[in-house]
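Heads up, the thing below is written out as structure tokens.
Numbered from 1 within each chain, the chains take letters A, B, ... in sequence-line order.
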Amino acid sequence: MKKQHGTGIEETIISRALQIGVAISSTLIIIGLGIFLSQLKTTSNTSNQTYLHYVSTSFNFPHSIPAIVSAISGRSGLGLIVLGCLLMILTPALRVATTIFLFAGKHDKPMIKVTITVLCILIGSFVVGVLVS
Amino acid sequence: MFNNANYNKLVSPVDFIIILALISVAAGLLGSLVGLGGGIVIVPVLTLIFHIDIRLAIGASVLSVIATSSGAAITYIKDGLTNLRTGIFLEVATTIGALSGAFLTTVISGNILYFLFAIVLLYSAFAMMHKRKGREVLKTSTDKLANYLNLHGEYYDSNLKKTIKYKVTHTKLGLGLMYVAGVVSALLGVGSGTLKVPAMDVAMHMPIKASAATSDFMIGVTAAASAGAYFSRGQINPFIAAPVVLGVLVGAMIGSHWLDAINPRYVKLMFLSVLLIVSVEMFFRGLA
């Protein structure tokens, strides 16, 4: 890889990780949306259903790993969209994780500690969400 | 203007997805053309037009912020403008701020969120029209933390055709301001780049180009911290998030290709009027 204006190959790796993360999660969301819409056509016999049903605060959708797994195994389109959303949230964490290896390669201990701290906060955010809900 | 609750009962789920996706494309397109990101108009669209609970709107918006930031950061990192070390260092503050914000949404009322949103919209409108003036780059820094972590940087300025080396200072002030940016990002589901950039170029003496690129790099990580909390709390509704994320992403991709072909001044003036109208509407919704 050509090195230009201080941009190293490792930074290109980070960019690539982000691109792949966004591409995979978007694809899952598109497929999930397609499945959801096809299921909607076959199941919505009750024509009184407006979008308001799906956006109300009482509408249930999977938002934990076991619930996502069971939704997807039940061929739920929404389950696949949720998985895509989860991967989208994890993409920046992947970026941070890649950066740890970047600093490890340079034996830069202080920055490794800083980066691990950020990663721990990101992972902790899922736990915090459950605790305050 | 937006009192259409009765008409909304007639909108089918399929219509909703198509309309929201199209609006999100426009939001992503405009956002990338004026450099504000699409998040700033997604929450008003969801709450004012579709009468969706503001907390669910914030959840969907924060996800679109991650999507566009991950896309934008790709080009910036390749340009060599991003100060990766400073970005990661400041993310400690933005992510903790984002967690605080995600917690705060559970205790403060929806009305206050509307007021806050109105203020941030006004500030963003001001920041968009205000041309930032660069400060003289520092040749030396006495900031212990900046020197210990070697947060200083350099980039190649294609206009000046030379490499600009700069030193970073006032890291503690920078951390404090970044904490606030993280809180705002999580509370309102926006990227809060308009707060991150001055924290770097004004407070920490970084060049404007490096500040903007580093801010874009940080936005996704900041948003991910609150999105993690929102996700596990069930605030990211897939039915709302799917059209928003896909639409904003497509809009931002189109916008990045059109960036050179369009006169940004007209787009900015158009976006400015949108921001001002929406700000007033959000303020009145807060009063309701």
Answer whether the closest heavy-atom distance between the side chains of B/Tyr155 and B/Lys165 falls below 4.5 Å.
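No; the side chains remain at least 4.5 Å from each other.
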
Note, B/Asn83 side chain near B/His152 side chain (heavy atom, < 4.5 Å):
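No. Closest side-chain heavy atoms not under 4.5 Å.
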
Which atom pair, heavy atoms only, marks the closest approach of [X] to [Y]?
{"X": "B/Ile58", "Y": "B/Leu187", "answer": "CD1-O, 2.9 Å"}
{"X": "B/Ser232", "Y": "A/His63", "answer": "O-ND1, 3.3 Å"}
{"X": "A/Met88", "Y": "B/Ala67", "answer": "CE-CB, 3.8 Å"}
{"X": "A/Val114", "Y": "B/Val92", "answer": "CG1-CG2, 3.9 Å"}
{"X": "B/Pro243", "Y": "B/Pro238", "answer": "CD-O, 4.4 Å"}

Portion of [X] that has a non-hydrogen atom of chain A nearer than 4.5 angstrom:
{"X": "B/Leu46", "answer": "neither"}
{"X": "B/Leu56", "answer": "side chain"}
{"X": "B/Thr163", "answer": "neither"}
{"X": "B/Ile240", "answer": "side chain"}

Which bit of [X] comes within less than 4.5 Å of chain B, counting heavy atoms only: side chain, backbone, both or neither?
{"X": "A/Ile68", "result": "side chain"}
{"X": "A/Ser26", "result": "both"}
{"X": "A/Leu78", "result": "both"}
{"X": "A/Ile123", "result": "neither"}
{"X": "A/Thr115", "result": "both"}
{"X": "A/Asp108", "result": "side chain"}
{"X": "A/Ser56", "result": "backbone"}

Based on non-hydrogen pairs under 4.5 Å, which of [options] is most in contact with chain B?
{"options": "A/Ile81, A/Ile89, A/Asn60", "result": "A/Ile89"}
{"options": "A/Leu33, A/Ile65, A/Leu86", "result": "A/Leu86"}
{"options": "A/Val55, A/Ile29, A/Val96", "result": "A/Val55"}
{"options": "A/Ile121, A/Ile30, A/Leu80", "result": "A/Ile121"}

Carefully, step by step, assess A/Ser125 and B/Tyr230 under the rule side-chain hydrogen bond (donor to acceptor under 3.5 Å, both in side chains).
CA-CA 9 Å; A/Ser125 70; B/Tyr230 290 150; over 6 Å; no

Looking at chain A, which one of [options] has the largest number of heavy-atom pairs inside 4.5 Å, strictly under?
{"options": "B/Asp15, B/Asn150, B/Asn237, B/Leu149", "answer": "B/Asn237"}
{"options": "B/Arg85, B/Gln235, B/Glu91", "answer": "B/Arg85"}
{"options": "B/Ala241, B/Ala223, B/Gly234", "answer": "B/Gly234"}

Partner of B/Phe239 under ring pair (Phe, Tyr, Trp, His ring centres under 6.0 Å), chosen from A/Phe61, A/Phe59, A/Phe36
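For B/Phe239, the ring pair (Phe, Tyr, Trp, His ring centres under 6.0 Å) check succeeds only for A/Phe36.
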
Any Lys/Arg nitrogen of B/Asp157 or B/Lys162 sitting under 4.0 Å from an Asp/Glu carboxylate oxygen of the other?
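B/Lys162 and B/Asp157: not salt-bridged.
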
Aromatic contact between B/Phe16 and A/Tyr54, with the criterion being ring centroids under 6.0 Å apart: yes or no?
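No, the ring of B/Phe16 stays outside the 6.0 Å limit from the ring of A/Tyr54, centre to centre.
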
